[in-house]
Number of protein chains: 2
Amino acid sequence: MATDNRPLGGVGPARRRGLADEVADSVRAAIFDGTYPPGTQLRETELSSALEVSRGPVREALMCLEGEGLLRSGWHRGAVVVELSGEDVAEIDSLRGTLEHLAVRLAVERASEEDLDTLARVADRMRRAEDAHELVALDIAFHDAVYAAGGHRRLQEAWHTIRSQVHLFLVSRIGVSVEDYLATVPGEHRDLVEALRARDPEAALRLFADHRSHALHVLTGRDRA
Amino acid sequence: MATDNRPLGGVGPARRRGLADEVADSVRAAIFDGTYPPGTQLRETELSSALEVSRGPVREALMCLEGEGLLRSGWHRGAVVVELSGEDVAEIDSLRGTLEHLAVRLAVERASEEDLDTLARVADRMRRAEDAHELVALDIAFHDAVYAAGGHRRLQEAWHTIRSQVHLFLVSRIGVSVEDYLATVPGEHRDLVEALRARDPEAALRLFADHRSHALHVLTGRDRA
DNA sequence: GGACACTCTAATGTCAACATTCGGACATTG
DNA sequence: CAATGTCCGAATGTTGACATTAGAGTGTCC
């Protein structure tokens with residue numbers, strides 16, 4: 001799963017990771033594929049015995065996932081997979097809009113040719129995506145690349161705190177108008193790349209806003225807007 | 001220290017907290033008051049013996065502070081207090097500007113009279129602040145209240161991820177034009193409250209932008225802009 | 001019959017010991 | 001003398017046991 005931040009082709013320095021990261025990846029994937037539906041209680045002991053690691057790394061992983069907004073927890077009350085209400089979706093969308101506004105402006109201004117090529121490559125892969133899950137992953141990867149092109153570390157970190165929630169929302173809505181999603185999204189992203197390549201801030205911002213608005217309306221229940 | 005999210009008057013139900021939170025508060029305070037200057041290596045064993053707790057809570061606290069951007073760490077390489085470069089300050093300022101833009105719009109639209117009273121109270125306290133440290137704390141508390149008035153949970157969380165860095169930057173710059181800071185900041189915040197009370201989005205946004213710009217210029221070295 | 005207090009259990013919070021890994025000092029070799 | 005390889009110490013990563021607490025269930029009293 002494209003959860004790490006590799007630029008999708010750059011060979012990362014293959015740095016060592018701890019068990020906590022692997023546990024986090026496992027649990028995150030399990031949440032996305034529906035193994036742990038929203039509302040599920042995640043008990044440290046269960047996970048630790050299921051994954052055959054001690055509770056330490058599990059605890060760390062859960063804290064990490066809570067930072068990504070996938071879990072909510074309280075004192076002595078464990079962790080629960082979030083259930084995204086309508087208000088939650090609105091919050092995510094407005095915050096995402098704000099962050100992406102800055103990201104697009106930065107990307108238009110500072111994206112290298114290599115960055116743009118990466119974006120084009122991801123957009124191109126979308127046209128060959130075979131199922132909706134893969135398309136969602138590519139959608140997220142595309143926006144990752146936009147933020148990366150902005151070269152703004154803290155902005156990327158802020159994106160990371162809602163990225164998984166966006167992902168969760170998208171996959172949880174798979175099934176409502178899949179064909180529409182499959183049909184329109186690849187083309188939209190290709191247009192986004194072109195707008196960035198043209199270095200036209202206003203046009204790019206408008207396209208990105210339309211893209212978010214369209215996705216929100218389609219996925220929020222209103223069919224083929 | 002007003003590090004928790006209490007609305008500055010509401011006596012929280014004093015709910016049970018873990019050792020990790022207390023450790024985090026201690027270390028955060030120590031960073032702010034200069035006990036741990038930027039670049040300091042924070043070793044888990046040292047902290048655990050100094051604070052007389054085991055490494056578990058210390059580890060958790062350090063992870064939390066890393067999430068606030070006060071520390072940086074790597075695999076098997078411990079945690080180091082951040083040193084804010086010029087680029088870092090620019091990043092913090094731009095991200096803060098973006099987040100605050102949304103926060104102010106929300107606050108103008110949705111702030112209750114009680115929220116506004118809280119803001120006015122904090123702004124009023126600034127006039128009686130006796131030292132710069134207290135003024136900085138009140139400055140942060142004021143912006144906390146603005147975000148709180150927006151009623152946008154994830155936006156508040158995003159603010160939390162840079163809040164401590166803003167705090168760190170402000171206290172690290174105490175000494176350069178303290179008198180200017182002390183003289184102008186209380187009045188500026190009173191104006192900000194009035195703008196919010198007037199429910200005028202454009203005016204409020206402009207004042208908040210000016211406020212940030214002024215603070216940045218003063219604290220970045222250029223005196224009395 | 002309903003409300004309160006108690007107990008009991010299962011989960012989280014904490015701890016101290018063990019295993020692994022990074023960085024540097026030292027010796028070795030071309 | 002520089003580059004490389006090895007060893008060692010100290011810090012982090014991991015583990016399992018112990019302490020504490022929230023919440024459910026039960027029993028009693030009014």
Side-chain angles (χ1 to χ4, degrees), chain A residues 3-4 12-28 30-31 35-83, chain B residues 3-4 12-28 30-31 35-83:
Chain A
T3 293
D4 45 65
R15 61 173 174 279
R16 273 220 164 293
R17 304 185 329 152
L19 286 183
D21 287 329
E22 308 219 23
V23 171
D25 286 348
S26 292
V27 176
R28 195 186 296 111
I31 292 174
T35 304
Y36 297 137
T40 306
Q41 270 261 356
L42 297 183
R43 278 171 274 271
E44 295 179 2
T45 36
E46 278 184 24
L47 291 172
S48 95
S49 60
L51 299 171
E52 296 182 329
V53 291
S54 84
R55 278 180 47 216
V58 171
R59 211 178 155 72
E60 225 170 290
L62 292 182
M63 179 165 290
C64 177
L65 293 177
E66 191 184 349
E68 296 178 16
L70 285 178
L71 307 176
R72 298 277 164 177
S73 67
W75 169 266
H76 257 292
R77 229 182 303 149
V80 179
V81 180
V82 287
E83 306 179 79
Chain B
T3 294
D4 45 62
R15 63 174 177 279
R16 267 223 166 302
R17 302 185 331 154
L19 286 182
D21 288 329
E22 307 216 24
V23 171
D25 287 347
S26 292
V27 175
R28 195 187 296 110
I31 291 174
T35 305
Y36 297 137
T40 306
Q41 270 261 358
L42 297 183
R43 277 170 274 270
E44 295 179 2
T45 38
E46 279 184 21
L47 291 172
S48 99
S49 61
L51 299 172
E52 296 182 333
V53 291
S54 87
R55 276 179 49 213
V58 170
R59 211 178 154 72
E60 232 170 276
L62 293 182
M63 178 164 291
C64 177
L65 294 176
E66 190 184 349
E68 297 178 14
L70 285 178
L71 307 176
R72 300 274 165 181
S73 67
W75 169 268
H76 257 292
R77 230 180 299 148
V80 179
V81 180
V82 289
E83 307 179 80

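Because only heavy atoms are used, hydrogens play no part in the values below, and waters and symmetry mates are left out as well, while side chains stay in. Every chain is numbered from 1 and lettered A, B, ... according to where its sequence line falls, protein lines coming before strand lines.
Here the closest heavy-atom approach between residue B/G39 and residue B/E83 is recorded as N-CG, 3.6 Å. The minimum heavy-atom distance linking B/V82 with B/G69 is given by the pair CG1-O, 3.3 Å. Of all the heavy atoms in A/A20 and A/A61, the pair that sits closest is O-CB, 3.4 Å. Heavy-atom minimum distance, A/L71 versus A/E66: O-CG, 3.4 Å.
For A/H76, the listed nucleotide lying nearest its side chain is D/dT21; candidates were C/dT21, D/dT21, C/dG23.
Two residues are said to be in side-chain contact when any heavy atoms from C-beta on lie closer than 4.5 Å; B/R17 and B/D25 meet this criterion.
Near DNA chain D, meaning a heavy atom under 4.0 Å from it, residues 52-62 of chain A has A/V53, A/S54, A/R55, A/G56, A/P57 in order of number. Residues from residues 35-50 of chain B placing a heavy atom under 4.0 Å of any atom in DNA chain D, listed by number, are B/L42, B/R43, B/E44, B/T45.
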- Test A/L65 against A/L42 for side chain to side chain contact (heavy atoms under 4.5 Å, CB included), laying out the working first. CA-CA 11 Å; A/L65 293 177; A/L42 297 183; 5.7 Å; no
- Query: Is there a side chain to side chain contact (heavy atoms under 4.5 Å, CB included) between A/Y36 and A/L70 once you walk through the steps?
  - Reply: CA-CA 11 Å; A/Y36 297 137; A/L70 285 178; over 6 Å; no
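In this structure, A/M63 atom CE and C/dT12 atom P are separated by 13 Å, rounded to whole Å. Straight-line distance from the CD atom of B/E22 to the P atom of C/dG13: 14 Å, rounded to whole Å. In this structure, B/R17 places its CZ atom 15 Å from P of D/dA22, rounding to the nearest Å. Rounded to whole Å, atom C1' of C/dT20 lies 8 Å from atom CH2 of B/W75. One can place CG of B/D21 at 10 Å from P of C/dG13, the figure rounded to the nearest angstrom. At whole-Å resolution of the value, CZ in A/R77 and C1' in D/dA24 are 15 Å apart.
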Side chains of residues 74-81 of chain A: which donor-acceptor partners sit under 3.5 Å, not counting sequence neighbours?
none

